[in-house]
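Below: one structure, written as structure tokens.
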Amino acid sequence: MQPRAGRAAPPVGTAVVVQGWVRTVRHSKGGFSFVAVHDGSCFAPLQAVVGSELPGYDDVQRLTTGCAVRVSGALVASEGQGQALELKATAVEVVGWVENPDTYPMQPKRHSLEFLRDNAHLRARTNLIGAVTRVRNCLAQATHRFFHDRGFFWVHTPLITTSDCEGGGEMFRVSTLDLANLPRTPSGAVDFGQDFFGQEAHLTVSGQLNVETYCMALSKVYTFGPTFRAENSNTRRHLAEFWMIEPEVAFADLMSNAQLAADYIQAIFRAVLDERGDDLAFFAQHVEKDAARRLEALVGARFEMMTYTEAVRRLEAAPVSFEYPVSWGIDLQSEHERYLSEQVVGGPVIVTDYPKDIKAFYMRMNEDGKTVAAMDILAPGIGELVGGSQREERLDRLDARMAEMGLDPAPYWWYRDLRRYGTVPHAGFGLGFERAVMYATGCENIREVIPFPRTPRQAKF
RNA sequence: UCGGGAUUAGCUCAGUCGGUUAGAGCGGGUGACUGUUAAUCACUAGGUCGGGGGUUCAAGUCCCUCAUCCCGAGCCA
């Protein structure tokens, strides 16, 4: 219906058919009505001017917010303020009425975010969720474009996994066993041998280990799909089901990995600035006035690099008192990460070489024997945006780390095999997709940036 | 999971020290008016005050309890 972002508006006189949902209706006794029709293609609705002489005008007078309509006509220069073009209707058809206008939830007014979540099946019709959805799509398309242009292959790693050892986090069980009548082994334990997969199975918490296998063949790969955490996290930053992007590059070290991550972040946010100016204007006005400015700054910024050891030194020297005291060896808290990027650097910063004890077993051991080749990208206003590392490609070192952390190597046999057969240095990172959408839109609650949020006690839609 | 806050009309909220018939704005309906912009004006309908229990002559208001939501923390992306 609308001129798409980045394209010129069709000229006056163009014949168009608009199909969409009514946002607002205003009737004039001058013999016509204004019907704002929205089809989701861009932020703005299109104002249709419907004359009383048209067949079905009595229906138009009964229209309310939410009705579905089809309006035919021609684009004309608007006689009113507020829009350059409008649709001079030649035919109007009500495709779907709102059954009970008195209780239709989506009124032309500001609703609370909690109310919108309770009406997730209708909230896509609002300015906010519509704009978020277009920005989310823009970030997703830009992600695929970025990696495709650089010769990466998108690998569909499994959602169901039988390695109950993928790393941190509670996992959701996948089972077809009858919960009311569980099969038992002689020792009394649940007999998962009789379950669907013949063993315990869960939803994945990360595609990284799987995608490394394809990295060792296709060289440059990435995952982009849902992941699941059964943690009882009740915060505005956590979901039980969320999407992650995890690139993995063979013959790569930590520095090239950091460069890739920085390029990637700038590419996807540049796409939002280029393609979704209409939606960004809305966020600036109604959600977070600095959101677009923050994106501009990040896209134009040079990413500074700093080792963890240097970061701790700077934090210890900081003339502020943190809630959590700083010393070498601690995991950086959100307050520390934000101080580093906002106060110390004044822009995005890549912190590298973390103590081994606060990082995962698969990260590559440095020569000092105390730190690993990890890197986090910290950005102003959000903290950690990306976490990644060079992976441990040396089997003896990997085994030593697993032993040190008390991990049973047996279930990791196929992951270890990658180190036995043609192992190469490789590196990758992970980015929580919803965190990126939050950053781009300024939304403070992650439940607004995914269509159907899954959180503890909430999966009803 | 822990700590704090909240739950009153379709929505957003007010409701004093416990005291007569629980209010407003928006939305809906009716009418007036207008190239209008979440229009404006008038009239009108709309309530088991989250559930349960208790204190009291009297509870939306005080106490206990349960549920749900929000914010913060932990976990983490």
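Every chain is numbered from 1 and lettered A, B, ... according to where its sequence line falls, protein lines coming before strand lines. What you are looking at is a predicted structure, and each value in this text was computed from that prediction instead of being measured. Reckoned from all heavy atoms, side chains included, excluding hydrogens, waters and symmetry mates.
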In whole Å, what separates the [atom1] atom of [N] from that of [M]?
{"N": "B/U7", "M": "B/U65", "atom1": "C1'", "result": "16 Å"}
{"N": "B/G25", "M": "B/C70", "atom1": "P", "result": "30 Å"}
{"N": "B/U68", "M": "B/G60", "atom1": "P", "result": "25 Å"}
{"N": "B/G51", "M": "B/A14", "atom1": "C1'", "result": "24 Å"}
{"N": "B/C66", "M": "B/C41", "atom1": "P", "result": "48 Å"}
{"N": "B/C62", "M": "B/U16", "atom1": "C1'", "result": "15 Å"}
{"N": "B/G23", "M": "B/C63", "atom1": "C1'", "result": "27 Å"}
{"N": "B/G4", "M": "B/U12", "atom1": "C1'", "result": "23 Å"}

Do other residues, nucleotides or ligands put more than 12 heavy atoms under 6.0 Å from the CD atom of A/Q81?
-> no

Residue [X], side-chain heavy atoms: nucleotide from [options] that is nearest:
{"X": "A/S78", "options": "B/U12, B/G35, B/C70", "value": "B/G35"}
{"X": "A/S233", "options": "B/U34, B/G27, B/G74", "value": "B/G74"}
{"X": "A/T235", "options": "B/C70, B/G28, B/G74", "value": "B/G74"}
{"X": "A/R237", "options": "B/C75, B/G27, B/G74", "value": "B/C75"}
{"X": "A/Q107", "options": "B/G10, B/C76, B/C71", "value": "B/G10"}
{"X": "A/F115", "options": "B/U12, B/C70, B/U34", "value": "B/U12"}
{"X": "A/V49", "options": "B/U37, B/C76, B/G35", "value": "B/G35"}
{"X": "A/R457", "options": "B/C70, B/G35, B/C69", "value": "B/C69"}

For [N], give the paired nucleotide (Watson-Crick: N1-N3 plus N6-O4 or O6-N4; G-U: N1-O2 and O6-N3; both under 3.5 Å), or none.
{"N": "B/U44", "value": "B/G28"}
{"N": "B/C2", "value": "B/G72"}
{"N": "B/C49", "value": "none"}
{"N": "B/A22", "value": "none"}
{"N": "B/A14", "value": "none"}
{"N": "B/A67", "value": "B/U7"}

Should the pair A/H121 and A/F461 be assigned to parallel (<30°), tilted (30 to 60°) or perpendicular (>60°) ring geometry?
-> parallel

When you match A/S334 and A/L63 each to their closest nucleotide on RNA chain B, which lands nearer the 5' end?
-> A/L63

Considering heavy-atom distances to RNA chain B, does A/G430 or A/E444 have its closest nucleotide positioned more toward the 5' end?
-> A/E444

Between [X] and [Y], do the side chains contain an N or O donor and an N or O acceptor separated by less than 3.5 Å?
{"X": "A/R391", "Y": "A/S389", "result": "yes"}
{"X": "A/E335", "Y": "A/Y324", "result": "no"}
{"X": "A/Q208", "Y": "A/Y362", "result": "yes"}

Tell me the interatomic distance from [X], atom [atom1], to [N], atom [atom2], rounded to whole angstroms.
{"X": "A/R117", "N": "B/U12", "atom1": "CZ", "atom2": "P", "result": "12 Å"}
{"X": "A/F32", "N": "B/U37", "atom1": "CZ", "atom2": "C1'", "result": "13 Å"}
{"X": "A/L116", "N": "B/C69", "atom1": "CG", "atom2": "C1'", "result": "14 Å"}
{"X": "A/K460", "N": "B/U68", "atom1": "NZ", "atom2": "C1'", "result": "10 Å"}
{"X": "A/I446", "N": "B/C69", "atom1": "CD1", "atom2": "C1'", "result": "18 Å"}
{"X": "A/Q333", "N": "B/C75", "atom1": "CD", "atom2": "C1'", "result": "11 Å"}
{"X": "A/Q458", "N": "B/C69", "atom1": "CD", "atom2": "P", "result": "7 Å"}
{"X": "A/N234", "N": "B/C2", "atom1": "CG", "atom2": "C1'", "result": "11 Å"}

Phosphate-side-chain proximity, [X] and [N], N/O vs OP1/OP2 below 4.0 Å:
{"X": "A/N119", "N": "B/G10", "value": "no"}
{"X": "A/R110", "N": "B/U12", "value": "no"}
{"X": "A/S28", "N": "B/U34", "value": "no"}
{"X": "A/Y324", "N": "B/G74", "value": "yes"}

Looking at every strand, decide which applies to [X] at a 4.0 Å heavy-atom threshold: base, sugar-phosphate, or nothing.
{"X": "A/G432", "answer": "sugar-phosphate"}
{"X": "A/L113", "answer": "nothing"}
{"X": "A/Q83", "answer": "base"}
{"X": "A/R62", "answer": "nothing"}
{"X": "A/E114", "answer": "sugar-phosphate"}

Hey, is the side chain of [X] pairing donor to acceptor with the base of [N] inside 3.5 Å?
{"X": "A/E231", "N": "B/G74", "value": "no"}
{"X": "A/H238", "N": "B/C76", "value": "yes"}
{"X": "A/Q81", "N": "B/U36", "value": "no"}

Ignoring hydrogens and geometry, is there a side-chain-to-backbone donor-acceptor pair from A/Q266 to A/L298 under 3.5 Å?
-> yes

Atom pairs, protein N/O to nucleotides 39-47 of chain B N/O, distance under 3.5 Å:
| from | atom 1 | to | atom 2 | distance (Å) |
| --- | --- | --- | --- | --- |
| B/A39 | OP2 | A/R26 | NH1 | 2.6 |

Pairs of donor and acceptor atoms involving the side chains of residues 374-383 of chain A, under 3.5 Å and at least two apart or interchain, shall be tabulated with distances.
| from | atom 1 | to | atom 2 | distance (Å) |
| --- | --- | --- | --- | --- |
| A/D376 | OD2 | A/Y354 | OH | 3.4 |
| A/D376 | OD2 | A/K359 | NZ | 3.4 |

Are A/R401 and A/E404 close enough for a salt bridge, meaning some N to O gap below 4.0 Å?
-> yes

Can you name the residues that form a side-chain contact (heavy atoms from CB on, under 4.5 Å) with A/H156, not counting sequence neighbours?
-> A/W154

[atom1]-[atom2] distance between [X] and [Y], expressed to the nearest 0.5 angstrom:
{"X": "A/E212", "Y": "A/T223", "atom1": "CD", "atom2": "OG1", "result": "11.5 Å"}
{"X": "A/M438", "Y": "A/C443", "atom1": "CE", "atom2": "SG", "result": "7.5 Å"}
{"X": "A/D353", "Y": "A/T307", "atom1": "CG", "atom2": "OG1", "result": "6.5 Å"}

